[in-house]
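Structure first, then comments.
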Amino acid sequence: MELNELTARQLNERLQKKEIKAVDILESVFRRIDRVEGQISAFTSLDKKRAIDVLSSLDKKGKTEGNSSLYGIPAAVKDNICLKDGKTSCSSRVLKNFISPYSAAVIKKLEEAGSVVFGKTNLDEFAMGSSTETSFIGPTHNPWNIEVIPGGSSGGSAAAVAADEAIFAIGSDTGGSIRQPAACCGVVGMKPSYGLVSRYGLVAFASSLDQIGPITKDVYDAALVLGVIAGSDRRDSTSIPDLPKKDYTTSLSAKVKGMRIGLPREYFLSGLDSEVEEAVREAVGLLEKSGAEIMDISLPHTEYCLPAYYIIATAEASANLARYDGVRYGYRTSRQMDLGQMYERTRGEGFGDEVKRRIMLGTYALSAGYYEAYYLKAQKVRTLIKNDFDEAFKKVEAIITPTIPAPAFKIGEKIDNPLQMYLSDIFTISVNLAGLPAISLPCGLSKGKLPIGLQIIGSYLGEEKVLNLAYAYESQTDWHRRKPKLT
Ligand code: GLN
């Protein structure tokens, strides 16, 4: 196998034994990028020189023993996460030429662990979408079938990992944007509990829902990267204070005997693709055989998740995106007459249709007279949804659902039908509303040879249980080893 095909854990072993150098890994990744990026378009920008400089100085130090397991492993990072002196475009015309003056907390943490960012990955504009089609540079293609979407909004990160153009990647998840593309591309994606990973330097979409997390080739690497990026941060007021430093790999165990797992009946209703249902039920069967106790549970407010999310997320987005006014930074129209027109034209020309749709929805939901009817109501529904999970976790230790209702669809198929597009996240959104941790991992391939994802949801700060259960499933299957056939 080429180095770019390996996991961070496997590469770390080789580095420790001095069989390879850190720059060898990067060279291998770039050979792959040269070969397949033309078909995939996973990246918005690449900076090989910067990465080589950092890695060769690590190689010169030559001391890898005892170092973090991300030492020398290059990272691909979603382009809504700030990298000092690098472009952070959010795949939007508004930030096309924006150079960030500082690095996000997660990037600092990756760098402290000996990793280096070599590329920024494509996303739906400002992370609003489920297909990576609304990016102003054009869509990313799914490595399993380049006519199909990679999922979104972290589609670039998921596709890069699936195509072996990256060893691991970082994404952000507001309503499913790590897990849904991970499922579509047949890789592992994890959304941590709200507040576990600092949002400092993540360009805000919906601040009460956004979380950063890893996209990796297997569950072990997800645990590894999570341990590096998690932690308290005073610069993010919603970061959980006094978190102890944790290495999630040390507690990984494949034991599930006696573990109580809930299957929420509301997630297995009509509308779920039969191949997806079959793959998920098979996965559950496997865990049952290993000694897990499977229970039927109910999350009664599930049908309200989507409407509540699209009120809360758009309301917060309308406030967060008010800053792109052509004055402080980013794009400014060249056709300005007076100040009002400058604002209007800048925003009119700078934002794409989906972003504008959300700003209008959110502004409406927050406007005087409608605030109580929409925003406040949605917040109350959000509490009910969270309560459903609290009740469920009194009975079970983890919840299993499909990640996506159907395998990935064709590029262009849903772009003109926002409601259909919004339904792609029907199984992932509840987790963000409730602030819980969840992972998606591959559990099958459809007849059309497209990946299917299994979602495991844990209780608040129950990352270890989620990872253990995922690890237990993964150790008995080889879906995560399947690779798309790209030439
Ligand atoms: N697809 C959802 C949306 O469009 C979720 C996006 C995300 O998680 N960033 O809002």
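Whatever order the structure lists them in is the order used to number ligands and atoms, beginning at 1. Keep in mind that what you see is a predicted model, and the values were worked out from it rather than measured.
Contacts of Lys377 classified as salt bridge (Lys or Arg N to Asp or Glu O under 4.0 Å), with partners at least two apart in sequence or in another chain: none. Listed by chain and residue number, nothing satisfies the salt bridge (Lys or Arg N to Asp or Glu O under 4.0 Å) test with Arg382 (two or more places apart in sequence, or in another chain).
Here the CD-CG distance, from Glu147 to Asn145, works out to 5.5 Å after rounding to the nearest 0.5 Å. To the nearest 0.5 Å, atoms CG (Leu361) and OG (Ser318) are separated by 9.5 Å.
When atom types are taken as modelled, the side chain of Asp210 and the backbone of Ala206 share a donor-acceptor pair closer than 3.5 angstrom.
Sorted by chain and number, the residues within 4.0 Å of ligand 1 by heavy atom are Ala127, Met128, Gly129, Ser130, Ser153, Asp173, Thr174, Gly175, Gly176, Ser177, Phe205, Tyr309, Tyr310, Arg358, Asp425.
Sequence neighbours left out, the pairs with a member in residues 404-437 that pass ring pair (Phe, Tyr, Trp, His ring centres under 6.0 Å) are Tyr267-Phe427, Tyr310-Tyr422.
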